[in-house]
There are 2 protein chains.
Amino acid sequence: MKPKELNIIYKGDCSILLADKSLFPDKSINLIVTSPPYADKRKNSYQGVNSDKYVEWFLPISDQLIRILKDNGSFILNIKEHPSNGERETYVLELILEMKKQGWFWIEEYCWYKKNSFPGKWPNRFRDSWERCLHFTKKKDFAMYQDAVKVPIGDWAEKRFKSMSENDFIRHISKNNTHLGRNVSNWLNKKKVYPHNVLVFEEEHRLYLGNVVETAADTSHKNHSAIFPLELPTWFIRLFSKENDAVLDPFLGSGTTAVAALLHKRKYIGIELKTEYFSEAQKNICEVEKIMKKNSNKI
Amino acid sequence: MKPKELNIIYKGDCSILLADKSLFPDKSINLIVTSPPYADKRKNSYQGVNSDKYVEWFLPISDQLIRILKDNGSFILNIKEHPSNGERETYVLELILEMKKQGWFWIEEYCWYKKNSFPGKWPNRFRDSWERCLHFTKKKDFAMYQDAVKVPIGDWAEKRFKSMSENDFIRHISKNNTHLGRNVSNWLNKKKVYPHNVLVFEEEHRLYLGNVVETAADTSHKNHSAIFPLELPTWFIRLFSKENDAVLDPFLGSGTTAVAALLHKRKYIGIELKTEYFSEAQKNICEVEKIMKKNSNKI
DNA sequence: GTTCCGCATGAATCGATAG
DNA sequence: ACTATCGATTCATGCGGAA
């Protein structure tokens with residue numbers, strides 16, 4: 001099954017739109033990546049959801065998401081509970097438990113380590129420098145393209161490979177109780193290795209919209225749109241989808257996920273309730289599409 | 001109130017010993033730091049607790065811990081759920097929720113980012129490089145000595161926490177280890193800032209305990225004790241206790257927490273069930289006590 | 001005194017096979 | 001069907017001794 005339209009953003013409430021089977025048929029989406037609005041105890045907070053009712057509010061949405069996700073698809077939920085009255089809230093923990101009851105498998109919790117976190121000082125805690133990226137699936141056998149997110153091997157390797165001893169060419173079995181064996185020659189001349197489940201993105205690689213092909217070092221972005229923190233959705237889009245797959249963000253915000261999908265030749269679908277965000281997303285996506293078209297014309 | 005004895009380790013089951021009010025009176029402990037055995041689906045696993053019964057097993061222990069903790073004390077629980085049948089287990093999430101019902105405040109979740117995690121490759125996940133350090137308290141107003149864990153200003157990318165600093169023990173080691181001596185002197189001269197809630201430790205300061213003692217013949221660590229990863233308990237001991245405070249580890253293992261406490265002039269109390277671990281802890285603590293006594297005699 | 005090199009090891013996980 | 005065992009796979013870093 002396919003969604004009614006691809007490369008489109010809808011303005012509206014995702015809890016209603018997702019339930020529309022003509023727009024979102026069963027098993028039609030390859031990957032869902034989203035950062036929903038965080039809960040907030042304060043009333044009237046901007047698009048805020050009360051933390052006491054967060055789980056209750058989210059479950060009907062995740063129930064639609066599991067319906068429209070393909071069997072080998074993934075759902076990445078980027079979230080972090082705020083402190084409230086000096087304590088961490090528990091709605092994320094409760095949400096994981098409830099989503100499992102809906103049929104989701106909780107495969108993994110990736111840690112997004114944000115080195116330049118929001119400044120501040122409090123008597124009872126330090127600055128919060130990490131967020132959860134919860135990985136849910138419908139089946140235990142899901143699509144994962146690990147080669148797409150390989151990282152350069154550490155500096156140790158270069159020296160190591162220069163001086164290979166005899167033992168490096170045979171399988172070495174560790175003596176302790178672990179069954180770890182190794183054969184260093186397998187890694188000879190290896191350039192890239194698989195990453196781990198703590199995500200650290202370098203700021204220099206950040207992309208500036210309107211200046212998509214350049215890096216932050218280039219200051220020409222000043223005349224263009226705001227900075228896009230594209231790294232996070234990009235990483236998961238590369239890891240859990242392939243070209244032409246359908247990538248959904250039900251809380252699109254200013255369009256980050258859609259832009260990341262577009263840049264990697266995936267089909268985007270976005271939903272956003274707030275008018276300002278929706279317009280900004282529209283503008284941003286449009287700008288990237290223009291740039292990409294211009295670039296492809298050059299070829 | 002004070003514990004019956006300080007600077008002592010008990011051999012036995014902490015779920016029984018902690019309930020003994022003569023050993024552990026109400027509100028007698030300043031800080032609890034522990035890494036309990038992680039749950040394991042396999043039967044007959046070494047000191048393993050079945051994951052289905054983990055919460056049930058732990059709650060009576062945490063119930064005693066909240067009794068014996070001082071009102072301004074902290075409890076640091078280092079734990080990480082394993083995957084089982086391809087999914088992350090949920091017992092840690094459930095434990096947090098249940099401990100809150102016991103009266104604990106869940107203040108914070110620190111992320112311990114372990115850069116050299118165990119190698120391996122699987123189709124559904126990457127290497128696990130982080131563990132949870134859950135911070136619980138009895139009151140929202142608790143003792144926190146933030147200045148004790150400031151880190152040097154530096155390149156964000158390379159900033160890490162050095163667990164140990166200017167004390168006699170380090171100076172002693174420095175004699176035997178030129179690398180360490182150099183690093184410590186660099187560290188002492190830098191300006192310091194407050195850290196955040198992602199912990200990344202330098203691993204240079206791991207100690208081969210047997211190597212600390214000056215022996216005429218053999219200085220090879222192979223014939224001595226195991227490596228001590230002291231950084232983690234040390235960081236929390238500095239942050240949540242002051243000199244002469246009572247620091248408890250109900251799952252002492254090979255004595256890491258006690259040694260860290262001792263080195264920072266806190267009073268340690270440890271409990272360990274397994275004979276091998278208990279003996280090793282005893283030996284390790286004894287060795288460090290000897291060194292510290294020798295050093296103080298020199299002054 | 002400094003750099004280089006060999007080696008050990010770190011709370012691992014999955015899937016296939018055997019009982 | 002369910003459980004136990006075993007093989008395969010994989011990086012990064014510190015320490016100690018040698019150069």
Side-chain angles (χ1 to χ4, degrees), chain A residues 107-108 140-141 144 146 150-168 171-187 190 192-197, chain B residues 34-50 78-89 112-132 160 173 176-183 200-212 218-224 226-229 231-232 251 253-254 256 277:
Chain A
I107 303 295
E108 179 60 307
K140 289 188 177 170
D141 188 25
M144 190 176 193
Q146 301 191 351
K150 276 188 162 182
V151 293
I153 199 166
D155 296 332
W156 60 272
E158 202 182 337
K159 288 180 182 176
R160 188 78 170 82
F161 294 157
K162 275 183 195 163
S163 58
M164 300 285 284
S165 67
E166 274 182 33
N167 283 337
D168 288 337
R171 165 154 282 265
H172 173 268
I173 305 293
S174 181
K175 280 164 196 160
N176 67 359
N177 49 8
T178 72
H179 290 282
L180 178 63
R182 82 190 136 88
N183 185 341
V184 179
S185 66
N186 284 347
W187 309 332
K190 188 183 278 195
K192 293 196 162 192
V193 297
Y194 295 103
H196 45 63
N197 65 354
Chain B
T34 198
S35 299
Y38 298 176
D40 201 330
K41 269 268 163 68
R42 287 168 298 182
K43 289 174 191 169
N44 304 325
S45 76
Y46 169 65
Q47 218 188 20
V49 181
N50 191 289
N78 167 227
I79 197 164
K80 182 67 183 264
E81 61 276 15
H82 288 271
S84 173
N85 291 320
E87 266 190 297
R88 286 273 164 208
E89 300 258 14
W112 179 21
Y113 174 19
K114 299 159 69 173
K115 281 196 154 180
N116 57 341
S117 52
F118 210 90
K121 184 187 185 306
W122 311 277
N124 58 345
R125 64 182 66 253
F126 291 130
R127 295 184 293 148
D128 193 7
S129 290
W130 66 286
E131 292 185 15
R132 308 178 192 281
R160 303 202 206 167
I173 294 168
N176 295 340
N177 184 327
T178 53
H179 299 284
L180 188 54
R182 184 162 22 88
N183 289 329
V200 192
F201 296 108
E202 298 271 351
E203 307 212 22
E204 296 159 24
H205 292 173
R206 287 203 171 182
L207 305 180
Y208 287 85
L209 203 47
N211 219 16
V212 169
D218 186 13
T219 55
S220 162
H221 64 81
K222 285 173 198 163
N223 300 325
H224 294 284
I227 297 172
F228 260 58
E231 301 94 337
L232 190 75
F251 301 96
S254 50
T256 314
Y277 274 141

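The chains referred to below are lettered A, B, ... by the order of the sequence lines, with proteins before strands, and numbering in each begins at 1. Just so you know, these numbers come straight off a predicted model, no measurement behind them.
Taking side-chain N and O atoms only, B:Lys121 has no distance below 4.0 Å to OP1 or OP2 of C:dA12. The side chain of B:Arg125 contributes no N or O atom lying less than 4.0 Å from OP1 or OP2 of C:dT13. For B:His82 and C:dT13, the shortest distance from a side-chain N or O to OP1 or OP2 is below 4.0 Å.
Stacking annotation: B:Tyr38 is stacked on the base of C:dA11 (ring centroids less than 5.5 angstrom apart, interplanar angle below 30 degrees).
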Pairwise N/O distances under 3.5 Å, protein to nucleotides 15-17 of chain C:
none

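Set against D:dC11, C:dA11, C:dC14, the side chain of B:Pro119 has D:dC11 as its closest nucleotide.
Using modelled atom types, one finds a donor on one side chain and an acceptor on the other under 3.5 Å when comparing B:Tyr38 with B:Glu131.
Residues meeting the salt bridge (charged side-chain N to carboxylate O under 4.0 Å, His left out) test with A:Glu108, sequence neighbours left out: B:Arg88, B:Arg125.
Checked by atom type and distance alone, the side chain of B:Asn78 pairs as donor or acceptor with a backbone atom of B:Arg132 at under 3.5 Å.
A stem is defined here as three or more consecutive Watson-Crick or G-U pairs, each with both distances under 3.5 Å; for DNA chain D these stems are C:2-10 with D:11-19, C:12-19 with D:2-9.
Judged by the 6.0 Å distance and 45° axis criteria, B:Lys114 is not positioned over the aromatic ring of B:Trp130.
For the residue pair B:Glu89 and B:Ser84, the shortest heavy atom distance occurs at OE2-CB, 3.0 Å. Contact between B:Asp128 and B:Lys80 at its shortest, heavy atoms only, is OD1-NZ, 3.0 Å.
Only the C1' atoms considered, D:dG16 is 16 Å distant from C:dG1, to the nearest whole Å.
Within 4.0 Å (heavy atoms only), A:Pro195 reaches no atom of the nucleic acid at all.
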